[in-house]
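In what follows, a single structure is set out as structure tokens and then discussed.
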Amino acid sequence: MEKELTHFFNTSLTNALRSLKEDSKAKWGTMTAKQMLIHLIQSSKMMHFGNNTLLIKEEYVEKAIAFLYTDKAIKKGLVVPNDIGFNFTDNINQDIEELKAELINSSNNMINFLIENTDFKAIHPYFGELNTKQWILFQKKHYSHHLSQFDML
């Protein structure tokens, strides 16, 4: 797996999270800092959810996957339906430092799994079937989107 793809998760993520505080405000959207961390923790595991639901039309899958290979960012304010596995409440008991550590651990597990299982494929609801490289490209864009949301990138 290319080092530039994994460098983001091994180094950039950890460095960016240092500036996140519990009272950090999002530049857009409604998530709190803790909710964003839980959202990314859940995202790091989503390829194992056994999703078979495609939320875009089949004819757009090729274009959606091509987007992963660009430098374009995910649009701000995109609303994801709760029923595809991203759920959290306002009553989060973990403190921000615990959640940051959990996200780093979960991200490391995700990257290690993808490096060790190069033939792995799973369906993403907005991109269709993704291979290991495409999952890393998606997650890098997704994490970058939310880190930017909280002004960490």
Side-chain angles (χ1 to χ4, degrees), residues 2 4-49 51-92 94-111 114 122-153:
E2 292 123 37
E4 63 192 58
L5 284 178
T6 57
H7 173 78
F8 174 84
F9 297 96
N10 296 332
T11 305
S12 302
L13 175 62
T14 303
N15 292 337
L17 288 175
R18 287 189 183 118
S19 66
L20 186 67
K21 306 293 181 224
E22 187 167 339
D23 62 351
S24 294
K25 301 290 183 214
K27 294 184 339 187
W28 72 86
T30 60
M31 276 196 257
T32 66
K34 285 183 172 184
Q35 288 173 334
M36 181 270 295
L37 292 170
I38 289 171
H39 175 68
L40 290 179
I41 290 165
Q42 291 172 341
S43 178
S44 72
K45 299 172 184 177
M46 77 178 292
M47 62 191 177
H48 300 296
F49 288 172
N51 177 63
N52 289 316
T53 303
L54 196 57
L55 298 176
I56 65 169
K57 293 182 180 179
E58 187 74 39
E59 67 239 36
Y60 298 123
V61 168
E62 188 176 327
K63 186 176 180 180
I65 290 174
F67 166 76
L68 297 175
Y69 291 90
T70 71
D71 291 333
K72 295 178 183 174
I74 295 172
K75 291 180 183 178
K76 297 175 184 176
L78 185 66
V79 178
V80 176
N82 286 337
D83 62 348
I84 64 166
F86 301 110
N87 298 297
F88 42 75
T89 66
D90 292 328
N91 302 322
I92 300 167
Q94 293 164 286
D95 76 23
I96 195 86
E97 295 305 319
E98 289 174 319
L99 289 170
K100 289 194 277 188
E102 186 177 344
L103 176 58
I104 291 167
N105 184 55
S106 184
S107 299
N108 287 339
N109 289 341
M110 173 189 70
I111 292 299
L114 290 169
I123 295 173
H124 184 284
Y126 289 104
F127 295 94
E129 187 176 75
L130 299 179
N131 63 33
T132 55
K133 181 177 180 176
Q134 291 163 341
W135 271 106
I136 293 174
L137 288 169
F138 161 73
Q139 293 291 11
K140 182 179 177 194
K141 276 189 186 290
H142 187 223
Y143 279 50
S144 296
H145 171 78
H146 288 293
L147 296 177
S148 296
Q149 180 183 19
F150 283 83
D151 208 20
M152 293 182 283
L153 283 184

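- Between Ser19 and Ser24, the closest heavy-atom pair is O-OG, 4.1 Å.
- Pro125 places none of its side-chain heavy atoms less than 4.5 Å from the side chain of Thr53.
- Looking only at side-chain heavy atoms (C-beta outward), His124 and Asn51 stay at 4.5 Å or farther from each other.
- For the pair Asp71 and Lys141, the tightest heavy-atom approach, listed with the atom from each and the gap, is C-NZ, 4.0 Å.
- If you take CG on Leu55 and CD1 on Ile123, they are separated by 11.0 Å, rounding to the nearest 0.5 Å.
- Closest of all the heavy-atom pairs between Met31 and Met36 is SD-CA, 3.5 Å.
- Taken from CG in Asn15 to CG in Asn10, the straight-line distance is 11.0 Å, to the nearest 0.5 Å.
- Put simply, the side chain of Lys76 never gets that close to the backbone of Gly29: no donor and acceptor are under 3.5 Å apart.
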*Start with the C-alpha gap between Phe138 and Met47, add the side-chain angles, then the distance that decides, and say whether side chain to side chain contact (heavy atoms under 4.5 Å, CB included) holds.*
CA-CA 11 Å; Phe138 161 73; Met47 62 191 177; over 6 Å; no
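- A distance of 9.5 Å separates CH2 of Trp135 from CE of Met110, quoted to the nearest 0.5 Å.
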*asked:* Does Phe127 form a side chain to side chain contact (heavy atoms under 4.5 Å, CB included) with Leu137? I'd like the steps, not just the answer.
replied: CA-CA 11 Å; Phe127 295 94; Leu137 288 169; over 6 Å; no
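- For the atom pair CG of Leu13 and CG of Asn108, the computed distance is 8.0 Å after rounding to the nearest 0.5 Å.
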*asked:* Go through it in stages, so that I can follow the logic: the residues are Lys34 and Glu22, the test is side chain to side chain contact (heavy atoms under 4.5 Å, CB included), and I'd like the CA-CA distance, side-chain angles, deciding distance and then a yes or no.
replied: CA-CA 7 Å; Lys34 285 183 172 184; Glu22 187 167 339; 3.4 Å; yes
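- Ring geometry, His142 versus His39: the interplanar angle exceeds 60°, so the pair is classed perpendicular (tilted spans 30 to 60°).
- Using a 4.5 Å heavy-atom threshold, the side chains of Val61 and Glu58 count as touching.
- More than 12 heavy atoms of other shown residues, nucleotides or ligands fall within 6.0 angstrom of atom CD in Glu59.
- Aromatic ring centres of His145 and Trp28: separated by under 6.0 Å.
- For Tyr126 against Ile56, the heavy-atom pair with the smallest separation is O-CD1, 3.1 Å.
- When all heavy atoms of Ala66 and Thr70 are compared, the closest pair comes out as O-CG2, 3.5 Å.
- Distance check, rounded to the nearest 0.5 Å: OG of Ser12 to NZ of Lys140 gives 7.5 Å.
- Other residues, nucleotides and ligands contribute at most 12 non-hydrogen atoms within 6.0 Å of the CD atom of Glu62.
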*Mind running side-chain hydrogen bond (donor to acceptor under 3.5 Å, both in side chains) on Ser43 and Gln139 for me, showing each step along the way?*
CA-CA 8 Å; Ser43 178; Gln139 293 291 11; 2.8 Å; yes
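- Put simply, OG1 on Thr32 and CG on Asp23 are 11.0 Å apart, with the number rounded to the nearest 0.5 Å.
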*After noting the C-alpha distance and the side-chain angles of Leu17 and Leu147, does the key distance pass the side chain to side chain contact (heavy atoms under 4.5 Å, CB included) rule?*
CA-CA 8 Å; Leu17 288 175; Leu147 296 177; 4.2 Å; yes
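- Centroid-to-centroid, the aromatic rings of Phe9 and Tyr143 come within less than 6.0 Å.
- In this structure, Asp151 and Lys27 approach most closely via the heavy-atom pair OD1-NZ, 3.6 Å.
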